[in-house]
Amino acid sequence: MSDEAYRLTSPDGSEMELPVRKGTLGPDVIDVARLYREQRVFTYDPGFVSTGSCESDITYIDGEQGILMYRGYPVEQLAEHSSFIEVSYLLLHGELPTGAQLEAFDNTIRMHTMLNEGMLSFFKGFRYDAHPMAMLSAVVGSMSAYYHDEMDASNPEHRDIFSHRILAKLPTIAAAAYKLNIGQPFIYPRNDLNFTENLLHMLFAVPAEPYEIDPVAAEALDLLFILHADHEQNCSTSTVRMAGSSGANPYSAIAAGISALWGPAHGGANEAVLNMLEEIGDVSQIGKFVEKAKDKNDPFRLMGFGHRVYKNFDPRATIIREMCYRVLQKLDRKDTPLFDLAQELEQVALKDEYFIEKNLYPNVDFYSGIIYKALGIPTSMFTVMFALGRAVGWTAHWREMISDSKTKIARPRQLYTGPAGRDYVLVDKR
Ligand code: ACO
């Protein structure tokens with residue numbers, strides 16, 4: 001807390017000091033918690049563009065400089081040297097693990113990958129063509145029915161078990177949804193495989209023949225999971241915190257986060273980017289689509305472009321573009337029309353006055369779909385892949401929220417614009 005304060009003068013001339021709080025990095029915040037009690041006014045901020053909802057020491061973003069750090073470590077360093085499992089430990093526990101801690105954590109996650117057989121039978125109730133995000137949200141929500149009695153949020157051991165189950169079982173649920181979509185039998189997890197290898201095995205193995213895991217695919221997915229692992233108070237994370245703030249079962253809170261992620265303005269953008277690139281089809285059509293994106297009367301937007309926080313390059317997009325190039329080379333894809341198209345579209349947009357003026361740059365999702373597609377992952381599974389990476393971030397935020405003595409049930413107020421009060425009229429008199 002600092003001694004600085006904003007002075008607020010109300011229309012009746014009374015004054016109030018609003019304390020300014022300083023974090024370790026980033027803009028200060030004005031603490032308005034006493035505002036309503038003392039002045040009888042609310043703040044108004046649709047979309048929370050100027051509102052900090054909590055204190056957090058997990059992730060820091062500087063949108064002007066294009067900086068992203070988990071627990072103080074730059075994402076570029078983690079992408080180069082770490083693994084998704086190590087980053088998960090870091091997010092959940094605040095520090096990088098020692099060798100022994102990492103081995104124990106990795107082992108625990110491997111040992112929690114199986115689903116209760118009863119949970120598998122849920123998949124029989126879904127239509128074969130159900131969207132995998134719908135199935136993921138529904139089945140994760142159903143974990144609250146399986147583990148309700150073992151989930152006392154005030155018990156640190158229960159919180160750990162919850163975290164391990166979310167991290168370990170989500171890939172199994174995601175793969176089961178995919179197998180249902182393509183009419184193949186469910187493939188059980190293998191505990192001898194690491195997190196990403198196991199996911200590839202459950203997605204692509206079939207009982208009829210051996211399946212060899214491609215190390216390039218495993219490396220690329222692991223990197224994508226690191227880059228998606230957390231992003232401070234984004235829409236889905238705030239949803240998890242909000243649902244969890246009522247004391248709801250945390251599995252249900254994670255299911256709510258999955259639903260929020262699905263939207264095309266958030267995690268659904270990776271699916272939308274691929275659909276958009278396929279619709280553009282050819283570099284000769286880029287100009288037409290860029291004009292559409294700039295047209296105020298046309299709802300079309302360049303998917304994978306723009307971000308609420310980044311007003312400069314999204315550092316994740318830069319790493320993913322490089323990875324995209326390496327994956328396509330290593331997989332020996334000489335013919336890379338979608339990647340070529342995406343790169344050309346990026347160049348055209350970056351030189352365009354509209355995109356320059358509005359600070360619209362490619363975001364994390366602009367290139368990720370091209371990698372998923374090259375790995376054989378279908379478009380409908382792209383947002384599911386995002387969820388598998390982000391689940392650990394949601395879990396870390398839920399843990400932080402539940403342990404914070406300042407947490408209250410999230411309950412925003414409003415500016416009421418409805419009728420100012422009227423009398424009920426009997427139906428035959430209307
Ligand atoms: N294409 C064309 N114009 C755009 C785009 C875009 N992709 N993104 C923003 N704009 C324009 C808006 O029309 C608006 O113009 P105006 O000021 O003339 O009205 C201005 O830029 C600001 O846009 P807002 O929607 O107000 O910005 P906001 O911060 O609310 O939205 C968002 C950010 C949702 C990401 C937006 O840029 C967007 O819709 N992008 C496309 C979808 C996408 O890629 N989403 C993924 C985000 S990253 C993630 O969640 C993983």
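Numbers for residues simply follow the sequence, beginning at 1. In listed order, ligands and their atoms are each counted from 1.
With Tyr251 as the fixed residue, the ring pair (Phe, Tyr, Trp, His ring centres under 6.0 Å) test singles out one of Phe162, Tyr146, Trp394: Phe162.
Residue Tyr354 touches ligand 1 through its side chain alone, judged by heavy-atom distances below 4.0 Å. Residue contacts with ligand 1, taken as heavy atom pairs separated by less than 4.0 Å, involve Val364 solely via side-chain atoms from C-beta onward. Neither the backbone nor the side chain of Asn234 comes within 4.0 Å of ligand 1, counting heavy atoms alone.
Protein non-hydrogen atoms do reach within 4.0 Å of atom 21 (O) of ligand 1. At a distance under 4.0 Å, a protein heavy atom can be found next to atom 48 (S) of ligand 1.
Annotation: side-chain hydrogen bond (donor to acceptor under 3.5 Å, both in side chains) contacts of Lys294 (sequence neighbours excluded): Glu291, Asp352.
Ring geometry for Phe105 versus His164: interplanar angle over 60°, hence perpendicular rather than tilted (30 to 60°).
Outside the 6.0 Å centre-distance limit, the rings of His397 and His231 are not counted as a close aromatic pair.
A cation-pi contact, defined as under 6.0 Å to the ring centre and within 45° of the axis, is absent between Arg190 and Tyr188.
Residue contact check for ligand 1: Phe300 places no non-hydrogen atom closer than 4.0 Å to it.
Among the atoms of Ala265, some N or O lies under 3.5 angstrom from an N or O of ligand 1.
Under a 4.0 Å criterion applied to the non-hydrogen atoms of Gly304, ligand 1 contributes the atoms 43 (C), 44 (O). Interface of Lys296 with ligand 1, defined as ligand atoms under 4.0 Å from a residue heavy atom, comprises 13 (O), 15 (O), 16 (P), 18 (O), 19 (O).
Between the side chain of Thr407 and the backbone N or O of Ser403 there is no donor-acceptor pair closer than 3.5 Å.
The number of heavy atoms from other shown groups lying within 6.0 Å of CD (Glu103) does not exceed 12.
Counting protein heavy atoms only, atom 23 (O) of ligand 1 is closest to Arg301 NH2, 4.1 Å. The nearest protein atom to atom 17 (O) of ligand 1, hydrogens excluded, is given as Lys358 NZ, 3.6 Å; this is a heavy-atom distance.
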